[in-house]
Every structure is written in structure tokens, then in C-alpha cells.
Amino acid sequence: KNKASSPLIESKYSNEEYYMITFLSGIEYWKNCYSGFENASKAFGVKTIYTGSPEYDVNQEITILDQIIAKNPSGIAISCINPDAFETSIKKAINSGIPVVTFDADSPNSGRYSFLATNNRYAGEKGAKVLSELLGENGGNIVILTLPIQLNHEERTKGFVNAVKNKYTNLKVVKISNGRHDQTEAAKELSGILQSNNNIKGVFCTDSTSGVGAATAVRELNKIEKIKIVSFDTDNGTLDYIKSNVISATIAQGTYSMGYKSMNFLFKLNHDYIKKGIEPDDSVIPPFVDTGVDIVTKENVDNYYKYDLGIPKK
Amino acid sequence: MKESINNIFKNNLLVTYRKLSAIREMTVLISIIFISIILAIASPHFITKDNLISTTIGLSSDVIIVIGVTIVLISGGLDLSVGSIMSLSGITCGMLYLYGVNIWIACIISILIGTSFGFINGYFIGKIGLNPFITTLAIAGISRGLSYILTEGSPISLYGVPKSFSNISQSRIGEVPIVILVIFLVTLICDYLLRRSDFFRKVFYLGSNEKAALLSGINIKKIKIIVYVSCALFAALAGVLSTARFTVVTPSAGIGAEMRSISAAVIGGASLSGGEGTIIGAVLGVILLNIINNGLILLNVPVYWQDFVNGAILLLAVTIDFVNQKKRKELH
Amino acid sequence: MKESINNIFKNNLLVTYRKLSAIREMTVLISIIFISIILAIASPHFITKDNLISTTIGLSSDVIIVIGVTIVLISGGLDLSVGSIMSLSGITCGMLYLYGVNIWIACIISILIGTSFGFINGYFIGKIGLNPFITTLAIAGISRGLSYILTEGSPISLYGVPKSFSNISQSRIGEVPIVILVIFLVTLICDYLLRRSDFFRKVFYLGSNEKAALLSGINIKKIKIIVYVSCALFAALAGVLSTARFTVVTPSAGIGAEMRSISAAVIGGASLSGGEGTIIGAVLGVILLNIINNGLILLNVPVYWQDFVNGAILLLAVTIDFVNQKKRKELH
Amino acid sequence: MNPVLKLENINKKISDFFSLRDINLEFFKGEAHVLIGENASGKTSLMKIIAGFYLKDNGKIYIDNKEVKINSPADSKKIGISMIHQDFSLFDHFSIAENIFLESKKYSILSLKIIDFESMCSECDNLFAKFNIKLDSKTKVKKLSFAQKQLVEVAKAYVNKPKIIIMDEPSSSLTINESKILFNIIKELKKLNSVIIFISHRIEDLNAIGDRISILREGKIIFSSATLNLSEDKIINLMTGMDYSKRYPKLNIQHGREILRVKDLTSGKTFKNLNFNLYKKEILGITGLAGSGKSKLARCIFGIDKIKSGKIYLDNKFVNIKNTIDSIDNKIGYLSEDKYKDGLFLYLNIPLNITAPNLKRISNGYFIDKSFEKELTNTYTKKLDIKYANLYDNISQLSGGNQQKIALAKWIISRSKILILDEPTIGIDIASKVDIYNIINELVTKGSSIILISSDINEIIGMCDRVLVLYEGEISKTLTRENLSRDKIIKYMVKLGDNNL
Ligand SMILES: Nc1ncnc2c1ncn2[C@@H]1O[C@H](COP(=O)(O)OP(=O)(O)OP(=O)(O)O)[C@@H](O)[C@H]1O
Ligand SMILES: Nc1ncnc2c1ncn2[C@@H]1O[C@H](COP(=O)(O)OP(=O)(O)OP(=O)(O)O)[C@@H](O)[C@H]1O
Ligand SMILES: [Mg+2]
Ligand SMILES: [Mg+2]
């Protein structure tokens, strides 16, 4: 299965190549973005390629971006590890006439045409809202499992914490902890925490791996239902845990539409259907698009199952 | 005259020997107890049944892995591929299940797959004669890569897998999870074998002077292969067990397991130059590291401090141990 | 009779010696050329100015790091802390600047800080006598930890830093960035020194037989310290340079740099058992690995394949090289 | 005349079980001071104190009547003391020249200390010419034979023109010819007014170049004088406090059928078409100059080095020995000459070392019978009178000679039918040598056959039934016990041929 998809229709644009570039490209999270990107492309009959840096490494991603620019593609949708570092390269691309939009993680001063993302802070806030509703008036203590040093996760955490401070005062964040990208470690982490403060009522995870870890820890301490978990993203693991009540809810980002809209913008930019501008009409590209977040609970969980690896769910 | 001297020697030497051989494990054990006491004082929750059990479950896969890693270290080798092999066999197990293979058969196959990578390690290191560091680093890349290629990054969920499987890690005798008992047993057995069995004796020879081992008619190629195979076997087991535990497998599982287990083994008295080490020591090493992390959590140390503290502990541990040894070996 | 034998022996020896010393770098160079040709055919974008320059800039920091790492490897050591030291000195540089220190002074201080960690490595390994793997692993944890603690995980932006600084990496002679020229020069100088200078010769002695080095009155402690200090120095330089390049520093910078550079050095002919290796070889190694990754991008190979391919390449490279060597050895 | 080096009441506790006590010694310029004593008597330890490897507990060291502090090898180097160690301090991967000039290198750009290899090699060649050492300065040291390495060590010590030079058994594996070279070098050093401290277990050396003799016993100097005309028996008696009537207790055993035949054996470079055979209960001696191929031959038979062509027959049956496992299965044993590299596990304890090739004997294939292992160890450490502090210490803590004994012990236990002993008595004191010869005899009477590779002519003459003399990889002569003589052996070693007899 080559990630360079073939056009749906015979079109005179079939030789155009649009790139999606990410960091930690191996992880599940981006797949939804790309499938949006890919499907949109089919309508225009252009080629799309997914690439990026497998590691969380600025240098690696920039180098790849530069190398892509060197290929002079028809458009680039990129998720930037870091806002400032990408300015030079993105400017370079735009000056040489390659349309660039950023998604999920922005580079605001780079002159990119548009930024499409869930507002991570908002997502965090949502998480707080859900938890506080789940726990009711008397609320309780909360643990956050996140991935420190990864910007978008830091953002989600901040969003959550602020929301708790200002709105959902029935909650109290007692600990922010490290999921370490590994469910074993996440489980270790949480079970430790649950031991030390036995009045923890809720857990908020900013990534699905931590979510699964948390779920396991809670299960092994037979505290299902007693401790509410709100996780992030919608891989089958998380969804299954929602089905079996271990995870109460998860936050689904508009990843699909991030990709889908990025593709639309890029194509239209490339063919001058839209341009930068002030007055809001459909000939002007909006500098920011909030792709929104949905809350997935047991009620609507079934809508979110994907068919991965071509294997239909049992 | 000479006789009597020799006798004096022997008596002393038995005593001292006991001391010597014990000392490594002792230092670790003592530090474990010491830290435990501190934690017990600092937090009422530390010595709770639940905490102890969950901590133990948490470190179970590290324990399994460290056994294999220690054996490799004793043979004078090094294995940086355990984490990746762990994840690969987890992944294959999950996928086979999703493709409709009976879960138990899936386990066996995936363990075989994992082990076969150990064989590749052993083949390149033992037969061809490549350097362990590089070989296992490469194999780590390859097997981790395979996990990603197979899953394209998505975690695999084994929803609705038979309870009999997912309960492996839950089911208990009285309060104690069976897994833990089994692991405990395995540890003891391996430790005994390491001290007494003919095969592991050869591993020690290999580790302390390969050339001399060769001249003593020891089949070093064969031993190397077996060593790496068994290391991979343990890793694969860990992979399957954590699959059972989480009913979800991610291609990123076991990241950093190599370094963790090597550190643990060394803290427990294994030497990276080979020819030294005990299983019990290594396992104690794992326990120590995990208790410390548990402590960091109980004492609400900010996340950002973890790496720092772990690094410091590691350095401290080896330094102390080294100084002890030096005292013993004075003139070296 | 014996004379004549000796002469034949001598001639053979000179020839083979030349071959030996050359062959390592040659094999790498040849593979680089070979792959380049393939890529040039496969993709029109490979031999474009932009692609080449961006690739070269991309690998510049790896090149700087690999120089130090190679020196350590030759001394029979190992340094797993370069990546962390790189990020730490980047971080300190950034923070000092934000606290109002003149950027150039900030650079110097931060380089000193990074280097001092090299000294700690050297001290524990050389003076106290700990194992390099463990020591540098621990120091890696500590320094990376410090980066996190200092930044609490968030990247530091040097917005509005003097152009003179941020241009270090931009300014060019004609088309070629000056940095690259400088690095190229440094490489050549280091390579010459490594082959000819007394100090580096001692490094080779140390690496090839520590005991003998000790017995022949070489101050191995001092040399070890110098070796690790210089390794850290290069890492710190890399850190500052990438700060200048990105005008932003992340605590996660340089993750995986250790393994990358060790692989590169080994591909370039360095031996993990010490006493062998050349700078040029190592640098060629870096280039090879980076060209291959560039190729993966150009040929739109799915990202999931990168780990796998890199692992396979590494294994292939060392195997080929090893077999070559073996052939040569069997001449005797 | 006042001493260059003076030791005054030196005391040093080496281990709980051994210490050097009240050492008082004087060393004069231009003199070779021979230091002898049985194994583990403290010779090396004492020297290591002078060379700065061990720190003395108390006592004073004077150089030219001024007290000096020696706290590290570097210190003693500064003073001009250099030491040739029992285990080599050479760098295998580097050329002979570089090894020899390691500490007095030639620089082309002095300020940068850029090494000038060319001039180094030429100078080295001159040196070799001067002492007619037949080696090529560009050869890598790893390609040298054991004794050749020993010569290189000596040459290295010489070029440093040291004030004081300590030689810890430099002649242990030299044949008479190489010894001559060694002695010439020492004479040169004497001319340069160096002090030579010469440790040896070969009494003949001492008459050849010694000016002064001191005897160590259990860490004490028990005899020191300028007079050298002591009888061997007297010396042995001083060393050990016992008398040894017979130094080579050769038994006359009727040897049995042929058990080993080597046919047209050819290795890569070293030797071609060797033919010889070995009988049951025979002691076959192999001797020859350094680099004549003695060890190579052994290594080929034992399956360490590959053979190009040729066949090996055991009991008239062709056997294909591909590696050491095969040879050990065929009950062949090999005691290698370089015990430090491939003879011993320096960082394992005595039992583990002794049982290494004998696992089959002490285990049921799965588990090891510790008690039997211990018993076995004890009997043989007694038998060979191995002096150790603690049975379970690393053997790196034993004295050179005792390490050699351990290397030997593990093969004695192995019950090999054919035992190849490559320089088995290197570094072993005269008294213990006799023990070892007795054990060899015992093995033979029990039915083993021995191939005794040695550069010590007396040993060869004293112990062997038959002797192969090698010259550059050819058997220049096979001598039987009847017509064994010193001169003959020497003649065939350098291949003057019969007519010169
Ligand atoms: N590793 C090697 N590679 C190449 N040549 C070697 C090697 N080892 C030994 N040789 C050569 O083979 C020849 C025989 O070596 P060998 O060790 O058999 O000599 P020897 O008779 O044992 O001498 P000695 O009395 O010093 O032990 C020597 O000329 C030596 O230079
Ligand atoms: N590093 C050490 N640790 C403990 N004991 C040691 C150490 N080195 C030497 N010894 C002990 O000191 C004693 C003297 O050893 P030394 O090497 O000086 O004897 P030697 O006279 O050189 O014997 P040989 O003739 O066999 O070389 C021996 O009993 C030995 O066991
Ligand atoms: Mg000695
Ligand atoms: Mg020899």
C-alpha cells in the first residue's frame, strides 16, 4: 500500500503533487488527517503524498520540508513541531510560489495562507467540561496524563488547567504526569498516583496511549466507574474501552476535516480560485479554521470506528 | 605448615566468598529497603496492598526482559533490540487475532516470530562475528520498523478477546496475581541455573575471556546464538503478556526498555564487560528503579524531574558499587 | 634467504597496508556515489542545488557531533550523552539570551556548560573508572532532565536575536553556506591530526589496549577526560549552531543523535572495541545515512518504512565491511 | 661508589596473606643486578613498587642518595625508570617501529607533535641491524611470535635509554640465540651506565650477565652479594630451603604404538609439508628459534589456525580437526604460550579457571557438581603447590608463576591422550619446574603422550625422548635421546647442517 494515492478521476491535473508533512509521522493521530487530505484530492484528480519525520526532531522535519520544497510540489500542508523554526523555510516555499497551509500545529509568522486546527486549549477546556459534568457538584481531584515537551499536548494541559481554575471549580488538578508514549509506563504512573491520593475522581489524558494505560491501571485496581477517564483521539483501543465503560469519554478532533479542508485550500490557492485578503467572502482564504472537537461517549461511539488494516471489526 | 595455612585460607575464604558474592545484591536490597522505609514514612499509601501489587504488576514486564538482558550481558554481549522485539511480537499477536487466528495459537506464533529475531541477532553476532551493539541496534530498527509497517502506526485493539487470555494478568491466588508468582518462580529458577548449570558456566567463560573460552573447547558460536535467542524469547513473552494486560498493542510499546533493563542489570551487579552478574541482582535492580519512580510519584515530584533523578540514581548506584568493589580489589 | 622473505613480506605489507587504510572510507564513498547515481536517475530533484544544499545543511549538526563521537569510539569508549548535551547547551544559550545576556557571551557560556558535562563524563570514566556506557547514559538522563527542568518542557524562542547571530547558518559564499565550508575544513583538520598527531596517537593506543597503554606510562586518565570533553565540546557547538539556525530551542533537540552518530561512525570504519576509526570515514557515514533518508523522501517511500530501512542499511553496511576485513585477514 | 637506586626498609602489604618485609637493596650504575626467588616470593611486587604501580606502605627510596616519592608509573618514568612486564605492554595493531619508539617518538613538526613515521622506521631498522635482530620494523606486532615480542619489548626498553631498567623475566621463552641478542643489549646498557634489574628463573642467565645477585624468599631478601660463583644447588637451596638432587627427573618408559601421525602438514605462510609422528607414552620435544613455527604447528594441530593442506591421523585413523571442539573431543589438549591472552580467565577464580576445559568431568551435562569441582581444585593446587590467598579470588591476583601453574593444571586434569605443552615452564621457578616435570612423567606413565614445545635447551635435553628441531618452518633434524646434545640442537636451530658438526 503506497501512500502516494492515485487519482479517482481522469483529470488534467493528475500530475500535480500535494504533500502532507508531519512530525512523529508514525503515530495514529495523523492518519485521519491524511485520509481527509487524500479523499479531497480524489475530487480534483491530483496526487497526494504523506511524509514527515518519524522522530520528534526539529532538524529532521525542516530538512524534509526543504527537500520537499526542492521538489517544487503543487502544495504543502504541514504540521509544525515548532512555530518559529519553520518561518524561513515556509517563506521560501511561498516566495517560490508553492502554497502552504499549516494544520494542527501552526507557524503563525511564516506567511502560511491558513492554519486549520482544533484549538488545543479549547480541546483541553472541553475535557474539563466533560469531566466536571461526569463528576457532578461535589466534583473531585483530577490527574492529567500528558506528554510534556510536546507543544500541542502542553496546550491541551494548559487549556484544561485554566478551565478548571476559572469555570469548573468543582474539579481540582492534583497532579500533572508523564505518559511517556508507552502504555506500560502510563499505567505504572497512574497506579502510583492513585495509590498516593486515594480520593482521585477523574483522569484526563491528552493522548490515546496514556488513555489506554490509564484504563488498564484503573481496571487492575477494580476502580472502574469509581474513577472517570476522559481520553483523547479515537483509535479503536480507546473506543473499545469506552464501549466497556472503562473510559467514560474521549475527545475527537476534527482531524479528518483538517486534512480535507487543507487539500481544498491548497488546490484552490494553486489555481488562484482564492487568495489572501480582508473582506470575508468565498474568494478569500480564512487565516484560521477551527475544525472543532466532538465528545465521544458510549452513545455515539459506534460512529467513530474506522476499519484499520482492512479488517472489519468483529 | 603449608597445610594449616591452606586450611586457614579455606575457612576465611568461604566466609569472605559468601560476603563477596552476596555484597552486590545486598547493597541493592538494602537501598530498596531504605527507600521503602522513607516512602512508607513519607506517604501512608506506599505500604498498601494495592500499591505494592500494582507496582509489582507494573514492573513485571521489565523483570521478564531484564532476565534475558542480564544473560546477554554476562556473555559479554549487549542487546538493544529487546524493546522493539517486545512490541513486534505484541503487534503480530494482535494482528493474527484480528485475522481470526485463535488467540493462543497467535501467542505461540508471535513468540516464535519475536524469538526468530533473537536468532538473527545471535547469527550475526555469533556466527558472522559482528559487534553486538551495532547488530542489535540494527535489528531494533528493523523490528520496530516492521511494527510500524504492519500497523501503519495505529494501535491494535483486541476487543472481545477471550477472558481466559485477558485475565492472564488479572487472575490471582488469594490476593497475589498469578503472573507475579510465575515471574518470581522464573527468576529463582534462572538464578539457580545461572549459578549451577553447565551451560551458563560456559556463558560466564565466554563473557570473561572469549579467546580462552575458545581454547577450552567451548562452542562460543552456539552459546552466543542461544544467549540472544533466549533474550528475545523473554522479550517476546513480555510483549504477549502486556498484550493480554492492555488488550491493546501499540507499535511504540517497549520504547526505552533496553536502556532501563541494562541500567537495572548493571545496578544489580552485571558488568558491561561481561563475565559478571546475577539474575536476582538484576531483578532487584528493576525493583529499585521502579520503587524510586513510584516514590517520585508519591512525593509529587514534578514530571520534569524524572529523567534527572533517574540519571542521578543510576550514576550514584554504579559509583557506590564500584567503590565497594575497588575496596575489595585494592591493587587493581 | 630470510632477508628476501622479509622484502617480499615488506612489499606485500606496504601494499596491503595502503589498501587497508584506504578501503574503509572507499567502500563508504563508493556506496555513496552508487546510491547518488541511482537517486539521480530515479528522481530529477536529487541533483538540484536546493535539494543538495538543504540535505547538507540538514546533516551539518550530525557531522559536528560525529567527529567527537568517533574520537571517543577510537579511545575505546562510548558516549550516549551527546544528544542531551547538545540540547542542554542550546537551552542554556537561549535562556541566558532571554535573561538579557549578550548572545555571543551566552554562546560561550553555554558551550562551556555543555563541555563541563563532558568533563563529568571524563571524570567518572577516566578518574573513577566507571563504564562509559552507563556513565554517559546517566549523564544523558541528567542533562536532558536539566533541559526539561529549566524550560518546563516548552521551547524557548530567541525572537529578535541579532541578525549577526541568526545569520551564522544563512550567510553564504556564492551558493555554499559558510557553515558547511567551516565544517568541511574542521573535518579535514581533525582527520589529519587523528592520523599524525601525538595526542590522538595516544588515543589510539588507549583504545587498542588500555592495559598496555597504562604499562607504557601513558596518562590514560588524562586522555580519557580530554576525549570526553572534546566530544561534549562538539556536541555543544552543534547545539549552539542549531539555536542560531532555528532561533528557537526545544528541550527535545538532539534526541536519537547518539545512536545515529555511532551508527555513522561504525559504518565509516570505527570499531566499538576501540583503536580503529577515521574522521573522514565517520563523516562519510553520516552523509551516506542522510542521502538514503533523502532518497526515501524523494522516492515517496511511506514514512513507516524509515526505521526499517535504516536498520537494514546499518546491518548491511557492517556485514559487508566485516566480510571485507575477514578476507583481508585471511591473507596471513 | 654510591648506589644509583637504594631501597631502605621497604614494607608493603600486598594481600592479607603476603607482604614484602624490610627490603634493603642497593643498585649500582653499569651493573646487572639479578633478582631471583621462587614463585610468589615477591619479585614482581617489589619491582612494581619501584615502577610506581604499587605504593609502598613505608620505607624510603633513594635515587643518587636523594629520597624520591614514586606515586605513579608516570613518576617513575620521569625519574628514568622503565620496566618490562611479565605480560606484554605492546600494541598488537601497530608496527614494531611505533611500539619501540612509543615513548621517544620522532616528530616532524615538533610544536604540534606531528609524528614522523618514516624516520622512526629507518632508525628502528638501524637498531635491528646493530643487534642483528631479524625483524621488519613495519610488521604489525600481532604478527610476531612470542619470543619475537619479548625481543621487541627489550628493544623498546633500550631506546628509552633509561637510568634504571627493570626486566621481569625477559628471557623466559628465548632460545640461546635470542638470549645472546638480549645479553648484547644489556651490555650496551651497561656501557651507558644504566642500572639493570634482571629477574629470571634461568640460573644460566645469571652467570652470563649478572654482576650481583639477590634472592627473595616469602617477601624477604635472604641473600645478596656481588659474588656470583654459586652452585645451582646452592641457589636453589637458598631460594626454597630445600635440596633438589635431580633437576630433570627423566624416567625411561618404553613407549607404545604410534598414536599421532602428521602428514604433509602445510599452513598458510609459516611452514610446509611437515611430517612427523608421536608414540604412546612418548615425550616429543619441539624446539627452534623464535618464529621458527613451533607454536604455529601446535595451533594447527589443535585446530585453532586453519591448515592449507595435509592430514592428521590419530591411532592410524584420519581425523578432520576443524576447531578446538573437535580436538578436545579427540582428547588432545593444548597449553598455549601466551597465558594472559588466551590461557586464563584473569577475572575468574581458581576453580573456574581450572575446570574450564573439564566441564564434562565435573558436570552431568546439565548441572555442575560443586563439591567435586572444589575437591578437584584443591588436590591439584596442592599437587602443583599453587600459592594463593583465597581460592575464590580472581587469579589476576596470583603471581606470574602461579598463574602459569593454573594454566597447566587445567590441562593436567583434562586426561588428554595427547597433550601439547607450549613453553609450559615459562616463569616457573626452578623448584616448581621439577614438580611439573614429575607431573609430566606421571601423565606419561598413565599413558598420555606429550609434545613439549620449549626454547629451553636444557629442558628439551632433560625431558624428551625425541626432539624435532625446526628452522623457518622446516624440520631441520629429528634427534633421538641417544644422540641429543646441546651443540647439535643449536647447530640445527640455525641450520648449519651436519657437515659443520
Ligand atoms: N597472527 C599472525 N599473523 C601472521 N604471522 C604470524 C602470526 N603469528 C605468528 N606469525 C608468524 O609465524 C611464524 C611462526 O610463529 P610461531 O609463534 O609459531 O613461532 P614460535 O616458533 O612459536 O616462536 P616462539 O619461540 O617465539 O614462540 C613467525 O615468523 C611469526 O612471525
Ligand atoms: N594484585 C594482587 N592482589 C593480591 N595479591 C597479590 C597481587 N599481586 C600479587 N599478589 C601476591 O603477592 C605475592 C607475590 O607475587 P609476585 O608477583 O611479586 O611474585 P613473583 O616473585 O613475581 O612470582 P613469579 O616468579 O611467579 O612471578 C603472591 O602471593 C601473589 O599472590
Ligand atoms: Mg613475577
Ligand atoms: Mg611459540
Side-chain angles (χ1 to χ4, degrees), chain A residues 1 3 24-31 54 144 146-149 174-198 208-209 211-213 215-217 219-223 235-241 243-244 306 308-309 311-314, chain B residues 43-46 48 50-55 57-62 83 87 95 98-100 144-145 147-148 150-160 169-170 177 238 242 245-257 290 293-300 302-304 306-307:
Chain A
K1 304 213 306 270
K3 272 266 154 286
L24 284 174
S25 326
I27 62 175
E28 158 91 357
Y29 179 73
W30 307 117
K31 291 181 73 180
I144 301 178
T146 180
L147 300 174
I149 79 155
V174 291
K175 180 126 179 83
I176 299 173
S177 195
N178 188 349
R180 290 173 176 268
H181 257 304
D182 181 348
Q183 46 203 21
T184 317
E185 294 300 299
K188 251 188 230 166
E189 200 79 15
L190 185 63
S191 53
I193 297 167
L194 294 182
Q195 294 318 318
S196 56
N197 350 44
N198 50 8
S208 53
T209 312
V212 172
T216 309
R219 204 178 69 230
E220 285 171 351
L221 295 164
N222 331 318
K223 296 215 166 126
D235 57 84
N236 292 351
T238 312
L239 298 178
D240 289 342
Y241 273 114
K243 256 186 163 13
S244 48
K306 292 177 297 295
D308 47 51
L309 318 162
I311 312 163
K313 282 295 303 176
K314 295 212 166 102
Chain B
S43 145
H45 314 288
F46 178 67
T48 56
D50 287 353
N51 184 40
L52 293 181
I53 286 181
S54 60
T55 321
I57 294 180
L59 56 77
S60 55
S61 72
D62 278 8
S87 92
M95 295 195 71
L98 291 189
Y99 279 112
R144 176 78 59 194
S147 306
Y148 276 107
L150 288 170
T151 61
E152 305 206 311
S154 329
I156 296 174
S157 172
L158 289 74
Y159 189 67
S169 58
Q170 264 78 313
S242 59
R245 183 176 166 211
F246 297 104
T247 66
V248 174
V249 274
T250 56
S252 66
I255 280 180
N290 278 275
N293 282 326
N294 188 254
L296 295 181
I297 297 163
L298 295 182
L299 307 178
N300 291 318
V303 213
Y304 306 110
Q306 283 195 355
D307 284 1

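Taking Thr55(B), Asn294(B), Thr250(B) one by one and counting their heavy-atom pairs under 4.5 Å with chain A, the maximum is reached by Thr250(B). With chain B as the partner, the residue from Gln183(A), Lys175(A), His181(A) showing the most heavy-atom pairs under 4.5 Å is Gln183(A).
Only the side chain of Tyr241(A) comes within less than 4.5 Å of a heavy atom in chain B; its backbone stays farther off. Using a 4.5 Å cut-off between heavy atoms, Asn178(A) contacts chain B through both its backbone and its side chain. If you measure heavy-atom distances from Ser61(B) to chain A, the contacts under 4.5 Å come from the side chain alone. Using a 4.5 Å cut-off between heavy atoms, Ser177(A) touches chain B through its backbone atoms (N, CA, C, O) alone. Only the side chain of Glu185(A) comes within less than 4.5 Å of a heavy atom in chain B; its backbone stays farther off. Proximity to chain A (any heavy atom under 4.5 Å) is restricted, for Ile57(B), to the side chain, taken from C-beta onward. Heavy-atom distances place the side chain of Leu221(A), and not its backbone, under 4.5 Å from chain B.
By the side chain to side chain donor-acceptor pair (under 3.5 Å) test, Tyr148(B) pairs with no residue at all, sequence neighbours left out.
Atoms NZ and CG, on Lys188(A) and Asp62(B) in that order, are 4.0 Å from each other to the nearest 0.5 Å.
A 4.5 Å side-chain heavy-atom check between Pro155(B) and Val212(A) finds every atom pair outside the cut-off. Within the 4.5 Å cutoff, the side chain of Arg245(B) has heavy atoms near those of the Thr184(A) side chain.
When each of Leu239(A), Asn236(A), Asp240(A) is checked for a side chain to side chain contact (heavy atoms under 4.5 Å, CB included) with Tyr159(B), only Asp240(A) meets the rule.
Between Glu189(A) and Gln306(B) the shortest heavy-atom distance is OE2-NE2, 2.9 Å.
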